[in-house]
Amino acid sequence: MPEPGSWLVPDPPRELPGRRGVKIVLRAAHVLAAAGLLGACLFEVPQPLGAPWFHATLLTGTLLLLLDLHESAAFLLQVRGLVVILKLL
């Protein structure tokens, strides 16, 4: 019988074929979307034109978070997980 909580923090962490490539593409898209959002804020673009950058940033960030959580929830207790939590606050 598996230990309680082992589904949150499996040993070894879960594998996903192609994870590295997916994370590279998602991270690049996230940086691009965040840059577009920053530009929209700095140049005071009207909300209807800036909203897609916000949604793209939110979507790519959420997908990156879900990929990390799929591997193991232990990353939330590491520095990178704490930084994600701080960014969300």
Side-chain angles (χ1 to χ4, degrees):
M1 178 161 210
E3 293 180 34
S6 64
W7 62 277
L8 280 174
V9 186
D11 186 30
R14 291 180 199 91
E15 291 291 324
L16 181 68
R19 175 188 302 274
R20 182 171 182 200
V22 170
K23 282 190 80 165
I24 289 170
V25 170
L26 277 176
R27 190 170 291 119
H30 188 65
V31 169
L32 176 67
L37 180 60
L38 178 63
C41 290
L42 288 176
F43 293 110
E44 298 177 358
V45 172
Q47 185 179 6
L49 295 176
W53 294 110
F54 172 77
H55 292 115
T57 303
L58 190 64
L59 175 67
T60 55
T62 301
L63 290 174
L64 282 166
L65 177 64
L66 289 175
L67 265 177
D68 284 337
L69 283 174
H70 173 265
E71 185 176 15
S72 174
F75 97 98
L76 291 173
L77 303 175
Q78 299 169 350
V79 172
R80 66 187 173 126
L82 295 175
V83 168
V84 168
I85 291 170
L86 274 173
K87 281 173 35 174
L88 291 173
L89 293 176

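Because the structure is a prediction, the values reported are computed rather than measured.
Considering Leu64, Leu65, Leu76 in turn, Leu65 is the only one that fulfils the side chain to side chain contact (heavy atoms under 4.5 Å, CB included) rule with Val84.
Residue pairs meeting the salt bridge (charged side-chain N to carboxylate O under 4.0 Å, His left out) criterion with at least one partner in residues 32-46, sequence neighbours excluded, are absent. Annotation: side-chain hydrogen bond (donor to acceptor under 3.5 Å, both in side chains) contacts involving residues 31-42, sequence neighbours excluded, are absent.
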Table please: side-chain donor-acceptor pairs of residues 24-32 below 3.5 Å, with sequence neighbours left out.
{"residue": "His30", "atom": "ND1", "partner": "Thr57", "partner atom": "O", "Å": "3.3"}
{"residue": "His30", "atom": "ND1", "partner": "Thr60", "partner atom": "OG1", "Å": "2.8"}
{"residue": "His30", "atom": "ND1", "partner": "Gly61", "partner atom": "N", "Å": "3.3"}

Pairs of donor and acceptor atoms involving the side chains of residues 47-54, under 3.5 Å and at least two apart or interchain, shall be tabulated with distances.
none

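Shown here are the side-chain hydrogen bond (donor to acceptor under 3.5 Å, both in side chains) partners of His55, two or more places apart in sequence or in another chain: there are none. Residues that satisfy the salt bridge (charged side-chain N to carboxylate O under 4.0 Å, His left out) test with Arg80, not counting sequence neighbours, are Asp68.
The two residues Arg19 and Arg14 have their closest heavy-atom pair at NH2-O, 3.4 Å.
Hydrophobic cluster of Val83: the remaining members, joined at side-chain heavy-atom separations below 4.5 Å, are Val79, listed by chain and number.
To the nearest 0.5 Å, the span separating CG on Leu63 from CG on Leu59 amounts to 4.5 Å. Note that CG of Leu58 and CG of Leu88 are 9.0 Å apart. Values are rounded to the nearest 0.5 Å.
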Practice task
I would like to know whether Thr62 and Leu66 meet side-chain contact (heavy atoms from CB on, under 4.5 Å); could you show each step before the answer?
Solution key: CA-CA 6 Å; Thr62 301; Leu66 289 175; 4.2 Å; yes
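Cluster membership for Leu69 and Leu89, using ILVMFWY side-chain heavy atoms within less than 4.5 angstrom, is shared.
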